[in-house]
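Nothing here was measured: the structure is a model prediction, and the numbers come from that model. All values below were derived from every heavy atom in this structure, side-chain atoms included, with hydrogens, water molecules and symmetry-related copies excluded. Position 1 is the first residue of the sequence, and the numbers go up from there.
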Amino acid sequence: MRRGTLQIAAAGAALLAAAAATGAILRSSREVDDGITSVALAGQVHARVILPAGYDDHPARRYPVVYFLHGLPGSSSSYQGNDWLVDAIAAAGPAILVIPQGARDSDSDPEYLDWGIGRDWATYVGTEVPRYIDAHYRTIASRRGRALVGLSAGGYGATVIGLNHVGRFSVIESWSGYFHPTDPSGTRALQRGPSTIVHTLVPVLRSDPRTTFLAFYVGRSDTRVRDENVRLDRELTAAHVPHLFELYRGGHQTALWQRHATGWLRLALRHLAPPS
């Protein structure tokens, strides 16, 4: 069901008011580059953890977590990029931001899927990372405290992992993502089975009694993935699955994601449990 833009429009006005305070907020936030020993990936990988302002001042307070997946192809250090997300989460509201490593130098485009021994990226992102974060940080350790968000290939990863783990994540957002696995060129589909194709997972949301907030957007000029986003919107509408879909001015570019980051992160947090 297509919804209006009221929720997103409100974020634009709020962003201007928040901008002046962002510098002070960021000065009191804290960042950790955390090494995680992964069974799924047969070794140590990393996650970038941004703790909100005041995290160390309130030792009893627990926070919702936004897990954010970067784009692909990537390298072992791609999770360290997208610094504008730090500003965006600070302006959106108090939450922990976690950006897991999504590739290795020798494995640059795993599509956030499970491939076998030492390459089970979906298991790492969908199971191991939340388990580690819940054990080492003050999180709201339930599905009502977890959002899975991503851009481009990360948008695909967030959607397909989220729909295969609806018991773990209650919010799923895709920013200019696609909805079936592709090769590094993004033009050839990979045959990895129905559980890797978002279109085949629509019945998961229709039949699950729990509320999952699913939202996605794409640029009008993004000819590579726009049509598939429109298709998914129509499929969800036909299945009477509540969701949010938006078309924005722009293409497959960082400028688009930066422009809407605070609004869409704020939207995610509105559907999660607040700090407590």
So, Y55 side chain and R138 main chain: donor-acceptor pair closer than 3.5 Å or not? yes

To the nearest 0.5 Å, atom CZ of F213 lies from atom OG1 of T211 at 11.5 Å

Thinking salt bridges, do R119 and D114 make one under a 4.0 Å N-O criterion? no

Linking I/L/V/M/F/W/Y whenever their side-chain heavy atoms sit closer than 4.5 Å, directly or via other members, would I197 and L232 fall into one cluster? no

Counting only heavy atoms not in R168 (residues, nucleotides, ligands), do more than 12 fall under 6.0 Å from its CZ? yes

Using 0.5 Å steps for rounding, measure from the CD1 atom of I99 to the CD1 atom of I89. 9.5 Å

Within the side chain of N229, is there an N or O that forms a donor-acceptor pair under 3.5 Å with the backbone of V225? yes

In Å and rounded to the nearest 0.5 Å, what is the OG1 to CG distance from T123 to L41? 8.5 Å

Are V171 and I140 in one and the same hydrophobic cluster, where Ile, Leu, Val, Met, Phe, Trp and Tyr link if side-chain heavy atoms are under 4.5 Å apart? no

Are any side-chain N or O atoms of E128 and backbone N or O atoms of A40, one a donor and one an acceptor, separated by less than 3.5 Å? yes

Heavy-atom nearest pair, I161 first then G126, reads CG2-CA, 3.7 Å

Between the side chains of W121 and D107, is a donor N or O closer than 3.5 angstrom to an acceptor N or O? yes

Any residue meeting ring pair (Phe, Tyr, Trp, His ring centres under 6.0 Å) with H252, in chain and number order, not counting sequence neighbours: W257

Using modelled atom types only, decide if a donor and an acceptor are shared between the side chain of S174 and the backbone of G177 within a distance under 3.5 Å. yes

I want to check something: taking the side chain as every heavy atom from C-beta on, are F68 and L151 in contact at a cut-off of under 4.5 Å? yes

If you compare all heavy atoms of P110 against all heavy atoms of G102, which two are closest, and at what distance to 0.1 Å? CG-O, 3.3 Å

Report yes if the side chains of L256 and Y217 come closer than 4.5 Å at any heavy-atom pair, otherwise no. yes

Within the side chain of H165, is there an N or O that forms a donor-acceptor pair under 3.5 Å with the backbone of L163? no

Distance-only donor-acceptor check, side chains D33 and H46, under 3.5 Å: yes

When you compare the side chain of H180 with that of V198, does any pair of heavy atoms fall below 4.5 Å? no

Any chance you could lay out the side chain to side chain contact (heavy atoms under 4.5 Å, CB included) test for L69 and V149, step after step, and finish with the verdict? CA-CA 6 Å; L69 307 186; V149 183; over 6 Å; no

Do you know the tightest heavy-atom contact between S176 and D222? CB-OD2, 4.0 Å

Heavy atoms of G162 and L148 approach each other most closely as N-CD2, 3.7 Å

Selection residues 124-164 - residue pairs positive for ring pair (Phe, Tyr, Trp, His ring centres under 6.0 Å), sequence neighbours left out: Y132-H136, Y156-Y178

Using a distance-only test with no angle check, is there a side-chain donor-acceptor pair under 3.5 angstrom linking R146 and T139? no

Any heavy-atom pair between the side chains of L51 and V49 that's under 4.5 Å? yes

Taking the side chain as every heavy atom from C-beta outward, state whether L269 and P64 have any atom pair closer than 4.5 Å. yes

Measuring from L85:CG to I50:CD1, what's the distance to the nearest 0.5 Å? 9.0 Å

Indicate whether the side chain of R143 and that of T212 have a donor and an acceptor atom separated by less than 3.5 Å. yes

Is the backbone N or O of H240 less than 3.5 Å from a side-chain atom of R206, with the two atoms forming a donor-acceptor pair by type? no

Working for side chain to side chain contact (heavy atoms under 4.5 Å, CB included), residues E228 and H199: CA-CA 10 Å; E228 190 175 19; H199 305 282; 2.7 Å; yes

So, the side chain of D233 versus the backbone of F245: is there a donor-acceptor pair under 3.5 Å, distance only? no

Across all chains, not counting sequence neighbours, the side chain to side chain contact (heavy atoms under 4.5 Å, CB included) partners of P73 are S108, D109, P184

Single-linkage hydrophobic cluster, 4.5 Å side-chain cutoff, V39 and L113 together: no

To check you understand the geometry: which heavy-atom pair defines the closest contact between P130 and F169, and what is its length? CG-CZ, 3.9 Å

Test side chain to side chain contact (heavy atoms under 4.5 Å, CB included) applied to R249 and R220, step by step: CA-CA 6 Å; R249 175 178 53 84; R220 294 182 183 276; 5.6 Å; no

Of all heavy-atom pairs linking P52 and P94, the shortest is CB-CA, 4.3 Å

Using the ring pair (Phe, Tyr, Trp, His ring centres under 6.0 Å) definition, which of the options F179, W264, W175, Y248 pairs with F216? F179

Any salt bridge between R48 and D83, counting N to O under 4.0 Å? yes

From R231 atom CZ to R226 atom CZ, the distance as rounded to the nearest 0.5 Å: 15.5 Å

Separation between CG of D120 and OG of S38, rounded to the nearest 0.5 Å: 8.5 Å

Any non-hydrogen side-chain atom of L267 less than 4.5 Å from a side-chain atom of E173? yes

Are H70 and Q101 linked by a side-chain donor-acceptor pair shorter than 3.5 Å? no

Apply side chain to side chain donor-acceptor pair (under 3.5 Å) to residues E246 and H260 and explain how you reach the verdict. CA-CA 11 Å; E246 296 291 350; H260 296 286; over 6 Å; no

Test item: S170 and L272 side chains (from C-beta on) under 4.5 Å apart, heavy atoms: yes

If you count heavy atoms of other groups shown closer than 6.0 angstrom to CZ of R210, is the number above 12? yes

Heavy-atom distance under 4.5 Å between the side chains of R104 and V45, does that happen here? yes

